[in-house]
Colleague: 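Starting off with a structure, shown below.
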Amino acid sequence: MAVASDLVLSRGLIITKNPSISFKSHVSVTPILSKGCQKLKPKYCHLRTKAHAAEVQVLIDQENKHGLSLGFDAVSEGELREKGFLGLRKTKMVCTIGPACCSMEDLEKLAMGGMNVARLNMCHNTREWHLDVIRKIKQLNHEKLFCISVMIDTEGSQIHVVDHGEPNSVKVEEDSIWLFTAIKFEGSRPFTVKANYAGFSEGIEVGDELVIDGGMASFEVIEKVGNDLRCKCTDPGVFLPRAKLSFRRNGILVERNHGLPTLSKKDWDDIEFGIAEGVDFIAMSFVCDADSVRHLKKYVSGKSSRSIKVLAKIENLESLQKFEEIVEASDGIMVARGDLGVDIPLEQIPTVQEIIIHVCRQLNKPVIVASQLLESMVEYPTPTRAEVADVSEAVRQYADALMLSGESAIGPFGQKAVSVLQMASSRMELWSREENRQSALCGQRQLGESLHDRIAEQICNCAVDMANNLGVDAIFVYTKHGHMASLLSRNRPNPPIFAFTNDDSTRMALNLQWGVIPVLVNLSDDMETNIAKTIDLIKMKGMVKYGDAVLVVLDLTPAHVTSTAFQSIQVKTIV
């Protein structure tokens with residue numbers, strides 16, 4: 001209980017009022033009329049000519065020839081045509097890829113269902129298997145015009161992983177007797193579980209409770225045989241491959257500090273593999289402090305020319321105690337509720353989840369809510385009502401993304417689980433918009449220290465207020481590194497955010513930001529040309545219609561102009 005109360009206090013400390021800033025920003029409103037080209041400013045007149053239309057078509061053909069097109073995700077493009085701007089889902093979906101969904105056909109179905117990020121858990125499968133999946137995803141992105149980012153999740157120096165040897169889950173019956181052993185063997189043996197750490201039973205006594213995955217099944221230790229434990233099932237349930245175990249004595253967690261590093265040698269090999277294969281995110285398991293995150297970020301930036309984002313997983317007591325500094329050091333956070341529920345009482349999980357989401361939004365870091373969202377769908381085709389309510393609550397709290405684990409990796413109903421996330425998140429987003437809950441997002445913490453950064457932050461805050469108050473259909477942001485796109489996302493606007501960038505790694509990183517549809521497009525130093533080109537391309541693809549209003553935010557700074565000249569807001573009406 002002390003952990004949760006401390007976090008509540010820290011939450012109150014981080015909400016600060018922005019100091020007043022005096023600056024002149026460029027804000028213009030430019031309706032582009034359908035009739036009377038003479039009413040337009042001369043620089044817009046050429047955009048409506050047949051010659052320009054032919055020019056744009058040539059551009060489309062050229063970009064298609066080079067595999068770029070407009071860089072729209074095929075799924076977002078289809079949703080936009082079907083549902084319009086305000087019908088687009090804003091909460092992103094992360095799917096863990098496993099034996100149940102690793103074929104090209106299954107990956108394509110997950111993509112069509114709305115998967116934004118494919119997660120590869122390096123705890124499982126071989127290096128060759130992971131390589132095959134990564135290449136299949138890249139092939140789908142190239143051939144089917146999807147925009148699916150790839151995340152690898154490190155194993156971490158885990159001392160509490162056990163495996164029953166079967167590829168899928170195993171049911172554990174009440175009063176059944178199981179042997180937990182550190183002896184290594186191939187395949188599976190009846191009622192035998194192997195641990196990945198020889199000293200897993202050190203300090204454990206007869207009568208202690210052994211808990212699988214935070215409560216998926218429970219055992220009583222009835223005998224110690226050398227380093228092995230013979231246990232009787234007291235709480236039947238499901239045993240997943242490479243499950244995590246913990247021990248409790250009189251209801252209290254038995255803490256054991258073995259002094260292992262955050263990243264093992266295998267983790268570093270996996271990270272090298274991920275860098276070589278051009279993954280977009282690396283999720284660090286069992287983070288205990290901010291220094292380990294900073295070290296990995298520095299290492300990755302020195303090894304890769306691409307921008308690979310490093311996410312920290314909050315999944316143990318140590319990370320929870322230092323979570324704000326870990327959030328500041330990382331590029332994003334994953335709330336791994338299953339493992340976290342082993343270290344803290346279950347009743348604290350909802351409060352801790354909400355606080356972490358709030359802090360991440362304040363510090364402008366994307367946050368993924370993970371673990372057991374639709375756990376029953378590992379075995380059954382329909383989720384429980386409580387699970388749907390849990391998903392909806394995470395959406396109501398404005399988490400950037402929701403993650404499926406075993407539901408997609410080993411369950412036979414992965415595609416249906418994705419559709420449940422899609423349905424539940426879309427419905428809750430609609431309710432939030434109808435209830436105008438954006439007022440609850442007031443009091444954002446100021447992030448920028450330099451005048452330049454503070455101006456960018458204020459422009460994005462004002463842009464979202466304008467977009468909501470004017471009822472525009474979409475926000476267009478033109479960005480190189482995605483910073484202002486993330487600042488817009490932080491404010492959770494009603495309309496979707498289309499982030500136009502010419503950097504592919506930026507596009508893939510923005511795939512995890514709430515409400516952002518990243519679009520790859522060639523950009524020049526001429527902002528009006530960029531705006532005209534993208535609007536005309538989108539029109540030609542039939543994704544916007546006459547009368548649609550878009551708010552345009554510029555975040556590009558050519559070398560020959562002052563540093564704030566291209567940070568501005570415009571409003572345009574589509575004709």
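We're numbering straight along the sequence, starting at 1.
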Colleague: Using a cut-off of 6.0 Å, state whether more than 12 heavy atoms not belonging to Lys298 lie near its atom NZ.
Modeller: no
Colleague: Quick one: are Lys136 and Met104 in side-chain contact, heavy atoms under 4.5 Å?
Modeller: yes
Colleague: Which atoms form the tightest heavy-atom contact between Cys101 and Thr96, and what is the distance?
Modeller: SG-O, 3.8 Å
Colleague: Show your reasoning for whether side chain to side chain contact (heavy atoms under 4.5 Å, CB included) applies to Leu311 and Ile333.
Modeller: CA-CA 5 Å; Leu311 309 181; Ile333 292 294; over 6 Å; no
Colleague: Taking the inter-plane angle between the rings of Tyr478 and Phe476 on a 0 to 90° scale, is it parallel (under 30°), tilted (30 to 60°) or perpendicular (over 60°)?
Modeller: perpendicular
Colleague: Examine distances only and state if a side-chain atom of Asp331 and a backbone atom of Val310 form a donor-acceptor pair shorter than 3.5 Å.
Modeller: yes
Colleague: When you measure from the side chain of Ser432 to the backbone N and O of Met428, does any donor-acceptor pair fall under 3.5 Å?
Modeller: yes
Colleague: If every non-hydrogen atom of Val369 is compared with every non-hydrogen atom of Ala399, which pair is closest and at what distance?
Modeller: CG2-CB, 3.7 Å
Colleague: Exactly one of Asn469, Ile459, Leu488 should register a side chain to side chain contact (heavy atoms under 4.5 Å, CB included) with Val464. Which one does?
Modeller: Leu488
Colleague: Distance alone, cut at 3.5 Å: any donor-acceptor contact between the side chains of Arg89 and Asn116?
Modeller: yes
Colleague: Output, in order, the C-alpha distance, side-chain angles, deciding distance and verdict of side chain to side chain contact (heavy atoms under 4.5 Å, CB included) for Val367 and Trp514.
Modeller: CA-CA 9 Å; Val367 56; Trp514 186 96; over 6 Å; no
Colleague: Can you confirm whether the side chains of Gln372 and Arg337 place a donor and an acceptor under 3.5 Å from each other?
Modeller: no
Colleague: What I want to find out is whether Glu77 reaches Arg81 closely enough, with some N-O distance under 4.0 Å, to be called a salt bridge.
Modeller: yes
Colleague: Would the number of heavy atoms belonging to other residues, nucleotides or ligands and lying under 6.0 Å from NE2 of His483 be above 12?
Modeller: yes
Colleague: Check whether any side-chain N or O of Asn141 sits under 3.5 Å from a backbone N or O of Ile148 as a donor-acceptor pair, and report yes or no.
Modeller: yes
Colleague: From Ile355 CD1 over to Glu324 CD, what is the distance, rounded to the nearest 0.5 angstrom?
Modeller: 11.0 Å
Colleague: For the backbone of Gln422 and the side chain of Ser426, can you confirm whether one donor and one acceptor N or O come within less than 3.5 Å of each other?
Modeller: yes
Colleague: Between atom CZ of Arg427 and atom OG of Ser392, what is the distance when rounded to the nearest 0.5 Å?
Modeller: 9.5 Å
Colleague: As a quick check of understanding, evaluate side chain to side chain contact (heavy atoms under 4.5 Å, CB included) for Leu554 and Gln570, giving each step before the final call.
Modeller: CA-CA 9 Å; Leu554 302 180; Gln570 301 178 27; 4.0 Å; yes
Colleague: Verify, without hydrogens or angle tests, whether Glu429 (side chain) and Thr91 (backbone) share a donor-acceptor contact under 3.5 angstrom.
Modeller: yes
Colleague: Which atom names give the shortest non-hydrogen contact between Ile326 and Ala312, and what distance separates them?
Modeller: CG2-CB, 3.5 Å
Colleague: Would you call Leu487 and Asn461 a side-chain contact if the rule is heavy atoms closer than 4.5 Å?
Modeller: no
Colleague: Are any side-chain N or O atoms of Lys572 and backbone N or O atoms of Ile531, one a donor and one an acceptor, separated by less than 3.5 Å?
Modeller: no
Colleague: Going from CG on Asn491 to CZ on Arg361, what distance comes out if it is rounded to the nearest 0.5 angstrom?
Modeller: 9.0 Å
Colleague: Begin with the C-alpha distance, continue with both residues' side-chain angles, and end with the deciding distance and a verdict on side chain to side chain contact (heavy atoms under 4.5 Å, CB included) for Met508 and Val150.
Modeller: CA-CA 8 Å; Met508 290 304 187; Val150 176; over 6 Å; no
Colleague: Compare every heavy atom of Lys480 with every heavy atom of Asp503, then report the nearest pair and how far apart it is.
Modeller: CB-O, 3.7 Å
Colleague: Give a yes or no on whether the backbone of Met284 and the side-chain of Asp153 come within a donor-acceptor separation of less than 3.5 Å.
Modeller: no
Colleague: Can you find a pair of side-chain heavy atoms, one from Val391 and one from Glu387, that are under 4.5 Å apart?
Modeller: no
Colleague: Counting C-beta onward and ignoring hydrogens, is there a side-chain heavy-atom pair between Ser408 and Val418 closer than 4.5 Å?
Modeller: no
Colleague: Within the distance-only criterion (no hydrogens, no angle test), does the side chain of Thr501 pair as donor or acceptor with the backbone N or O of Thr479 below 3.5 angstrom?
Modeller: yes
Colleague: To the nearest 0.5 Å, how far apart are OG1 in Thr534 and CZ in Phe498?
Modeller: 11.0 Å
Colleague: Sort out for me which residue in Arg306, Lys309, Arg119 forms a salt bridge (charged side-chain N to carboxylate O under 4.0 Å, His left out) with Asp280.
Modeller: Arg306
Colleague: Side chains of Gln415 and Ser419 only: does a donor on one sit below 3.5 Å from an acceptor on the other?
Modeller: no
Colleague: Looking at side-chain heavy atoms only, is the closest gap between Pro495 and Asp473 below 4.5 Å?
Modeller: no
Colleague: Please determine, by modelled atom types, if Asn364 and Ser486 share a side-chain donor-acceptor pair under 3.5 angstrom.
Modeller: yes
Colleague: Would you say Ser149 and Phe281 make side-chain contact, with heavy atoms under 4.5 Å?
Modeller: yes
Colleague: Which distance, rounded to the nearest 0.5 Å, do you find between the CD1 of Ile152 and the CD1 of Ile275?
Modeller: 8.0 Å
Colleague: Can you tell whether the side chains of Arg490 and Glu457 come within less than 4.0 Å, N to carboxylate O?
Modeller: yes
Colleague: Tell me if a side-chain donor or acceptor on Glu407 pairs with a main-chain N or O of Ser405 at a distance below 3.5 Å.
Modeller: yes
Colleague: Do the charged groups of Arg396 and Glu393 touch, with an N to O distance under 4.0 Å?
Modeller: yes
Colleague: Are more than 12 heavy atoms, taken from residues, nucleotides or ligands other than Lys297, located less than 6.0 Å from that residue's NZ atom?
Modeller: yes
Colleague: So does Glu277 pair up with Lys138, basic N to acidic O under 4.0 Å?
Modeller: no
Colleague: What residue among Lys365, Lys90, Lys92, Arg492 forms side-chain hydrogen bond (donor to acceptor under 3.5 Å, both in side chains) with Asp400?
Modeller: Arg492
Colleague: For Ala467 and Ile475, work out which heavy atoms get closest and say how close.
Modeller: CB-CD1, 3.8 Å
Colleague: Measuring from atom CG of Leu320 to atom CD1 of Ile356, what distance do you get when rounded to the nearest 0.5 angstrom?
Modeller: 5.5 Å
Colleague: In this structure, is the centre-to-centre distance between the rings of Phe72 and Phe146 below 6.0 Å?
Modeller: no
Colleague: With a 4.5 Å heavy-atom cut-off, do Thr351 and Ile349 have their side chains touching?
Modeller: no
Colleague: Between Gln139 and Glu108, do the side chains contain a donor N or O and an acceptor N or O under 3.5 Å apart?
Modeller: no
Colleague: In the structure I gave you, are the side-chain heavy atoms of Leu421 and Leu374 within less than 4.5 Å of one another anywhere?
Modeller: yes
Colleague: How close do Asp548 and Phe85 get, heavy atom to heavy atom, and via which atoms?
Modeller: OD2-CE1, 3.5 Å
